[in-house]
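Lettering of chains follows the sequences in order, A, B, ..., and the numbering in each one begins at 1.
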Amino acid sequence: MKSSIGTFQQYYFVYYPACRFAAARTGCALAAKHYNTRRRRHGAGMAEDGEENQFRNARLQKLAALKALGIDPYPYEWRRSAEAKELEARYAALPADAVTEDRVSVAGRIRAIRNSGMFIDLHDNSGKIQIFSDRKSLDEAQQALLPLLDLGDIIGVDGIVRRTRRGELTVNAKRIAVLAKALLPLPEKYHGLADLETRYRQRYLDLIMNEQSRAVLRNRSRIIATLRRLLIERGFLEVETPMLHVIPGGATAKPFVTHHNALDMELYLRIAPELHLKRLLVGGLSDKLFEINRNFRNEGISPRHNPEFTSLELYEAYVDYRAMMALTETLIAEIAREVLGATRIRYGEHEIELAGPWPHESMAGLVKRETGADFLTILADEDARAAARRLQVEVADSAGWGRALEAVFAARVEAKLIQPIHVTGFPREISPLAKADRNDPRLTERFETYINGWEVANAFSEINDPLDQQQRFEAQMAERARGDEEAQRLDADYVAALEYGMPPAGGLGIGIDRMVMLLTDSPSIRDVIAFPTMRPKG
RNA sequence: GAGCCCGUAGCUCAGCCGGUAGAGCACUUGACUUUUAAUCAAGGGGUCGCGGGUUCGAGCCCCGCCGGGCUCACCA
């Protein structure tokens with residue numbers, strides 16, 4: 001997210017309660033066993049292998065039998081002429097029991113074998129195609145190969161298209177080639193792979209077994225591709241800025257620290273790209289630019305937080321934050337339309353309408369409506385803290401007016417913002433990179449977009465007054481000195497860049513993982529990240 | 001970091017009041033030439049997450065540890 005400068009709300013989510021994947025039942029024992037077996041295999045001699053894994057042993061014997069037949073079980077290529085879905089479309093009108101003279105070549109993974117190999121369900125990227133092996137039409141070598149096939153093997157099949165009496169589109173095999181012999185068995189075909197831990201640790205198995213997992217990650221790719229296209233169409237230039245930072249800036253978060261040997265210095269994995277992107281704006285590389293890339297934050301892991309996550313940040317010169325509002329609405333609604341075919345989506349129990357325009361309301365206004373407390377009429381920090389505490393919201397004694405307001409908002413309002421809304425009027429205290437509100441110096445021209453109770457976007461009119469920015473940094477440094485480790489650090493070179501003149505600009509950050517969760521109805525961020533961060537097995 | 005829950009065959013899951021390990025699929029062998037989670041018959045397969053303890057006896061009770069899930073806390 002445009003790195004939610006200095007706010008806390010993201011961490012005060014009311015967590016979405018329903019877990020739609022296999023309840024909360026888990027079990028790592030079998031995966032552990034699998035790993036242990038592998039580890040032992042490395043340590044121990046081959047003699048032990050056969051007794052350890054009956055499945056693998058049986059397949060190793062078949063592998064040897066294939067080689068004895070002169071068959072390479074791991075050849076270099078297979079020329080395909082069609083995919084399953086393509087054939088389904090091409091032969092949609094082919095009646096049951098009809099045979100064509102069309103020769104096709106397909107390839108994929110064996111997911112089912114019936115009648116001792118007579119029928120094989122072959123799955124490729126696009127779908128399923130049935131393979132029929134008639135003894136009479138296969139030569140001796142091919143007949144010898146049939147019993148050596150296992151579930152999970154990747155094979156190529158060359159044959160004639162027909163539709164069976166039962167109506168299943170089928171390739172009558174003339175030639176079958178093993179393209180990759182599988183040595184380990186797949187999870188059970190009917191119930192599939194349900195164990196969450198195994199699904200995350202061995203994502204390849206999850207992807208083989210669960211159509212839903214494939215759909216989510218494919219949609220993630222389409223969402224990002226669409227986002228990129230929409231931005232480029234609007235004249236934005238895609239750039240890359242460093243992952244390794246000397247000063248971790250642009251957000252308020254704990255960084256990962258690493259060490260560069262040749263330079264003999266500490267470096268930080270970036271917590272946000274913001275300050276570098278605005279340096280490019282100063283340089284005039286483009287008046288519109290963006291980056292879609294990873295951020296790293298050394299913080300807790302939860303269904304909504306992964307230590308590395310993907311964000312979009314974009315900057316547009318000569319506009320203010322209102323332009324960012326319109327852009328946010330357009331991008332998210334367009335992506336939904338393009339990828340899902342609709343702007344009305346379902347997430348868990350909620351129906352959410354993404355078509356704009358979305359309402360915008362101030363943080364203080366929402367708090368007032370929800371709790372009756374009118375923070376805009378409160379002037380002293382002390383009174384603001386007292387007001388928060390009267391509402392049973394905990395605030396630190398060091399919290400000022402802005403933090404108190406934000407704490408009440410996070411505790412009492414956030415979770416209720418299910419339909420898209422831009423929350424404006426963010427306190428200056430928690431927004432050290434946002435320009436002051438034109439009318440109220442306590443506030444900034446900043447908004448965060450909430451959907452489903454989550455902060456999905458964060459944007460503001462960027463500070464381009466170097467003296468103002470310097471003072472904001474100094475205020476942060478003062479908080480840091482008072483013990484707030486999260487306060488932002490002074491980046492003198494960034495201020496220097498501003499001293500050369502940055503055009504007025506609007507900036508926007510969107511958390512890609514959360515947007516994908518929303519658009520794919522995924523209950524956990526781990527479902528939208530192919531390889532989520534996991535503690536290694538003991 | 002804390003609370004709650006979970007970990008049994010390759011996978012999905014049973015396992016009662018503590019009495020010595022089960023099913024389906026998968027695997028092996030056989031039957032079967034138009035199946036669709038194919039079917040039928042027989043067989044093999046277990047470090048019950050790991051380590052202690054209680055007990056005549058522990059998958060089950062107790063303690064510790066490992067891993068996972070959820071929630072809370074911390075962290076923008």
Side-chain angles (χ1 to χ4, degrees), chain A residues 1-19 21-37 51-59 61 96-97 111-121 128 130-136 150-152 162-168 170 172 184-201 205 209 250-254 271-272 295 297-303 305 307 394 406 410 430-432 448 455 458 484-488 509 511 523-524 526 534-538:
Chain A
M1 355 241 108
K2 174 148 179 249
S3 320
S4 310
I5 312 309
T7 73
F8 293 105
Q9 54 263 49
Q10 187 169 351
Y11 294 90
Y12 286 104
F13 288 131
V14 169
Y15 291 99
Y16 178 67
C19 176
F21 280 115
R25 147 180 49 75
T26 65
C28 64
L30 305 164
K33 174 149 189 162
H34 183 80
Y35 288 163
N36 288 337
T37 300
E51 289 164 87
E52 275 180 17
N53 192 326
Q54 56 166 321
F55 303 98
R56 188 165 184 272
N57 188 49
R59 285 160 183 247
Q61 284 176 15
D97 218 8
R111 291 301 309 278
I113 299 178
R114 293 179 291 278
N115 289 48
S116 306
M118 185 162 56
F119 294 97
I120 290 173
D121 284 349
K128 180 192 98 174
Q130 179 169 269
I131 306 301
F132 177 79
S133 300
D134 187 347
R135 276 184 207 143
K136 285 166 273 184
D150 283 301
L151 297 184
R162 72 176 175 101
R163 195 176 290 281
T164 64
R165 195 179 305 161
R166 307 275 182 106
E168 187 81 23
T170 299
N172 263 12
L184 288 171
L186 292 175
E188 191 217 13
K189 64 188 163 206
Y190 187 55
H191 296 94
L193 180 65
D195 182 87
L196 280 177
E197 182 172 358
T198 309
R199 290 182 46 216
Y200 296 147
R201 284 190 195 280
L205 274 183
M209 300 306 299
T252 313
K254 284 192 186 127
I271 56 177
N295 291 329
R297 299 190 185 177
N298 203 343
E299 294 167 356
I301 294 178
S302 84
H305 300 83
E394 280 186 40
E406 193 271 342
I430 57 170
S431 310
E448 286 188 349
E455 175 203 333
N458 179 25
D484 182 359
E485 283 181 50
E486 303 300 318
Q488 296 195 30
S524 171
R526 297 177 202 100
M534 301 283 279
R535 194 192 292 270
K537 301 286 290 185

How far, in whole Å, is [M] from [N] if one measures between their [atom1] atoms?
N      : M      : atom1 : result
C32(B) : G15(B) : C1'   : 36 Å
C40(B) : A26(B) : P     : 11 Å
G52(B) : A58(B) : P     : 13 Å
G7(B)  : U29(B) : C1'   : 34 Å
U33(B) : G59(B) : P     : 47 Å
C63(B) : G18(B) : P     : 16 Å
C6(B)  : G49(B) : P     : 12 Å
C16(B) : C11(B) : P     : 22 Å

Does a nitrogen or oxygen in the side chain of [X] sit under 4.0 Å from OP1 or OP2 of [N]?
X         : N      : result
Arg526(A) : G69(B) : yes
Arg114(A) : A37(B) : no
Arg165(A) : U34(B) : no
Arg201(A) : G68(B) : yes

Roughly how far, to the nearest 0.5 Å, is [atom2] of [Y] from [atom1] of [X]?
X         : Y         : atom1 : atom2 : result
Ile113(A) : Met118(A) : CD1   : CE    : 12.5 Å
Ile271(A) : Gln488(A) : CD1   : CD    : 6.5 Å
Arg526(A) : Arg199(A) : CZ    : CZ    : 11.0 Å
Leu186(A) : Asp150(A) : CG    : CG    : 10.0 Å

Checklist line | Any N/O donor-acceptor pair, Gln54(A) side-chain to G44(B) base, under 3.5 Å | finding: yes

Both distances below 3.5 Å, Watson-Crick or wobble geometry, any strand: find the nucleotide opposite [N].
N      : answer
U39(B) : A31(B)
U54(B) : none
G1(B)  : C72(B)

Item checked: C17(B), syn or anti by chi within 90 degrees of zero ->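 With its glycosidic angle within 90° of zero, C17(B) counts as syn.
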
From [options], pick the nucleotide closest to the side chain of [X]?
X         : options                : result
Thr164(A) : G24(B), U33(B), U36(B) : U36(B)
Ala58(A)  : U36(B), G68(B), C27(B) : C27(B)
Tyr190(A) : A37(B), C32(B), U36(B) : A37(B)
Pro303(A) : C25(B), U33(B), U71(B) : U71(B)
Phe119(A) : U34(B), U12(B), A38(B) : U34(B)

Distance check needed: [N] [atom2] versus [X] [atom1], whole Å only.
X         : N      : atom1 : atom2 : answer
His305(A) : U71(B) : NE2   : P     : 12 Å
Glu197(A) : C70(B) : CD    : P     : 12 Å
Ile113(A) : A38(B) : CD1   : P     : 10 Å
Lys189(A) : U36(B) : NZ    : P     : 11 Å
Asp150(A) : U29(B) : CG    : P     : 10 Å
Met118(A) : U34(B) : CE    : C1'   : 6 Å
Ile301(A) : C70(B) : CD1   : C1'   : 15 Å
Gln130(A) : U33(B) : CD    : C1'   : 13 Å

Item checked: Under 5.5 Å and under 30°: Phe55(A) stacked on G10(B) ->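 Given the distance and angle limits, no, they do not stack.
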
Next item on the list: Say whether, by atom type as modelled, one donor and one acceptor occur between the side chain of Asn53(A) and the main chain of Arg56(A) under 3.5 angstrom.
Entry: yes

Next item on the list: Run through Arg111(A), Lys189(A), Arg114(A) and flag the one making a side chain to side chain donor-acceptor pair (under 3.5 Å) with Asp121(A).
Entry: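 The option that passes is Arg114(A).
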
Notebook entry, point to check: Is any side-chain heavy atom of Phe119(A) less than 4.5 Å from a side-chain heavy atom of Glu168(A)?
Noted result: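 Of all side-chain heavy-atom pairs linking Glu168(A) with Phe119(A), none is under 4.5 Å.
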
Next item on the list: Taking the side chain as every heavy atom from C-beta outward, state whether Pro307(A) and Ile301(A) have any pair of such atoms under 4.5 Å apart.
Entry: yes

Margin query: If you assign Arg535(A) and Phe132(A) each to the RNA chain B nucleotide with the nearest heavy atom, which residue ends up on the more 5' nucleotide?
Written below: Phe132(A)

Next item on the list: Hey, which sits more toward the 5' end of RNA chain B by its nearest nucleotide, Thr170(A) or Arg59(A)?
Entry: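 Per heavy-atom nearest nucleotide, the more 5' residue is Arg59(A).
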
Check: Is Asp134(A) touching bases, backbone alone, or none of the nucleic acid, heavy atoms closer than 4.0 Å?
Finding: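 Base, at least one base heavy atom under 4.0 Å.
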
Next item on the list: Quick one: label Leu151(A) by what it contacts on the DNA or RNA (base, sugar-phosphate, nothing), any heavy atom closer than 4.0 Å.
Entry: sugar-phosphate

